[in-house]
There are 2 protein chains.
Amino acid sequence: MYLSKSCIHGLRAGILLASKNSNSFVTIKQLSNELDISFYFLTKVLQQMTKAGLLESYKGPNGGVKLARESTLISFMDVVEAIDGKALLEDCALSLPGCGILKPCPMHDQWSVMKQEISAMLNDATLEKLAEMNYAVKNPGAEIDQLHKKSFF
Amino acid sequence: MYLSKSCIHGLRAGILLASKNSNSFVTIKQLSNELDISFYFLTKVLQQMTKAGLLESYKGPNGGVKLARESTLISFMDVVEAIDGKALLEDCALSLPGCGILKPCPMHDQWSVMKQEISAMLNDATLEKLAEMNYAVKNPGAEIDQLHKKSFF
DNA sequence: CTATATTAAGATATAATACTCTTAATTCTA
DNA sequence: TAGAATTAAGAGTATTATATCTTAATATAG
């Protein structure tokens with residue numbers, strides 16, 4: 001499985017918003033500070049999520065972004081689809097276009113099963129649950145593993 | 001799951017070599033023609049596989065490349081590791097560095113299980129088996145789906 | 001109505017990946 | 001030994017992904 005950085009950023013922001021559990025707007029500046037992500041880049045990512053209907057945004061003072069619906073109704077999968085597209089779990093196995101039922105690639109069947117399991121997992125993981133798990137969205141890596149510090153989760 | 005194009009090219013070449021089931025060298029030119037992959041690019045990819053010990057190469061007339069060991073002893077996973085590195089199945093879940101047993105990310109446990117299943121699948125898929133499945137390594141996509149023609153499998 | 005806070009959109013810059021070309025090294029054959 | 005066949009290695013270009021900056025649009029507050 002491989003998600004783009006944009007996607008990871010979007011997920012982290014989504015989880016953080018869910019954990020705030022507030023109905024008012026949170027500025028992107030605030031989010032980018034807490035997550036230690038470039039404000040500019042995060043802005044772009046959140047714009048995608050807004051266009052996809054996952055977030056609601058508001059300009060001007062007291063503006064910002066917030067979840068467009070309850071955190072129980074937004075899944076990990078929703079975010080992935082909004083940012084990285086549906087190809088990841090629609091395309092065959094190892095993202096081998098041209099593969100299909102007609103002429104399945106060698107791993108088609110096995111992969112189909114796994115794909116379903118993964119989809120189920122990602123659909124089941126709502127932002128609420130993820131926020132509940134209380135994972136330090138804010139930079140656990142720093143404390144644990146100095147080597148792997150590509151930022152994130 | 002997401003593999004680089006280099007990796008897909010390498011896999012296709014490996015499967016094709018396995019299907020030829022010959023002990024003599026096959027020129028990269030030949031492989032690139034059959035697979036419809038740029039000769040130059042394929043050369044680079046196969047060089048990586050040679051360095052990783054998956055292929056054996058030989059220069060000069062009657063030279064080329066061949067599998068360095070029996071096709072039963074080279075797995076899909078071997079090729080992926082040689083080209084895309086081990087990160088794919090070593091890193092956590094959704095490639096979130098910083099995640100570990102100490103401070104697992106929200107999907108850590110679930111993903112660990114899936115990761116093992118996927119690893120098992122990829123380890124079990126030897127080039128021999130893949131070649132046996134007789135999948136047209138040579139461009140099935142063209143016949144089936146004109147839209148998806150990014151080359152491949 | 002003006003100044004300020006904020007997201008949206010577009011333009012630019014940098015980095016990673018994909019792809020191409022050229023030259024060097026090796027080996028065979030005649 | 002000369003010439004041809006072939007991979008290896010390095011350099012160059014193209015495309016895509018990541019990241020930054022600037023300007024525009026929208027909203028609030030005073």
Side-chain angles (χ1 to χ4, degrees), chain A residues 2-13 17 24-33 35-68 80 82-85 87-88 95 97 149-152, chain B residues 2-13 17 24-33 35-68 80 82-85 87-88 95 97 149-152:
Chain A
Y2 181 73
L3 304 176
S4 69
K5 286 193 183 180
S6 296
C7 190
I8 302 286
H9 291 340
L11 280 164
R12 292 179 63 208
L17 280 170
S24 50
F25 292 99
V26 179
T27 67
I28 299 177
K29 194 75 205 165
Q30 171 82 21
L31 295 173
S32 73
N33 283 338
L35 297 170
D36 195 25
I37 297 173
S38 141
F39 166 75
Y40 295 129
F41 194 36
L42 187 59
T43 297
K44 289 292 184 197
V45 173
L46 298 191
Q47 274 171 24
Q48 288 183 266
M49 290 172 69
T50 301
K51 278 180 190 159
L54 301 181
L55 299 181
E56 201 177 314
S57 70
Y58 204 76
K59 290 175 184 171
N62 309 320
V65 294
K66 66 178 176 185
L67 299 180
V80 172
I83 299 175
D84 282 352
L88 193 62
S95 62
K149 60 153 146 204
K150 301 183 189 169
S151 84
F152 310 96
Chain B
Y2 180 72
L3 303 176
S4 70
K5 286 194 183 179
S6 295
C7 191
I8 302 287
H9 291 339
L11 280 164
R12 293 180 63 209
L17 280 170
S24 50
F25 292 100
V26 179
T27 67
I28 299 177
K29 194 74 205 164
Q30 170 84 20
L31 295 173
S32 73
N33 282 338
L35 296 170
D36 196 25
I37 296 173
S38 142
F39 165 74
Y40 296 130
F41 194 36
L42 187 59
T43 296
K44 289 294 183 196
V45 173
L46 299 191
Q47 274 172 24
Q48 289 184 266
M49 290 173 70
T50 300
K51 277 180 192 159
L54 300 181
L55 299 181
E56 201 178 315
S57 72
Y58 203 77
K59 290 176 185 170
N62 308 319
V65 294
K66 66 178 177 184
L67 300 181
V80 171
I83 299 175
D84 282 352
L88 192 64
S95 62
K149 63 152 146 203
K150 303 183 188 168
S151 83
F152 313 90

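Letters A, B, ... mirror the listed sequences (proteins, then strands); counts begin at 1. If you're wondering where the values come from, they're calculated on a predicted model, not measured in any experiment.
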TODO: Report the relative orientation of the aromatic rings in A:Tyr58 and A:Phe25; use parallel for angles under 30°, tilted for 30 to 60°, perpendicular for over 60°.
DONE: parallel

Look at the side-chain N and O atoms of [X] and state whether any lies under 4.0 Å from the OP1 or OP2 oxygen of [N].
X	N	value
B:Ser4	C:dT17	no
A:Ser6	D:dT18	yes
B:Lys5	C:dA16	no
B:His9	C:dA18	no
A:Thr50	C:dT7	no
B:Thr27	D:dT6	no

Task: Nucleotide nearest A:Gln47 when distance is taken to its side chain, options C:dA8, D:dT20, C:dT20 - done: C:dA8

For a quick check of understanding: with a heavy-atom distance under 4.0 Å over all strands, which category does [X] fall into, base, sugar-phosphate or nothing?
X	answer
B:Ile28	sugar-phosphate
B:Thr43	nothing
B:Tyr58	sugar-phosphate

Open item on the list: Taking the nucleotide of DNA chain C with the nearest heavy atom to each, does B:Tyr40 or A:Val65 sit closer to the 5' end?
Closed with: A:Val65

Task: base_contact_polar (C:dA9 base, A:Lys44 side chain, donor-acceptor, <3.5 Å) - done: yes

- [ ] For A:Asn33 and C:dT6, give me the distance from atom CG to atom P, rounded to whole Å.
- [x] 12 Å

Task: Whole-Å distance separating the NZ atom of B:Lys51 from the P atom of D:dA8 - done: 9 Å

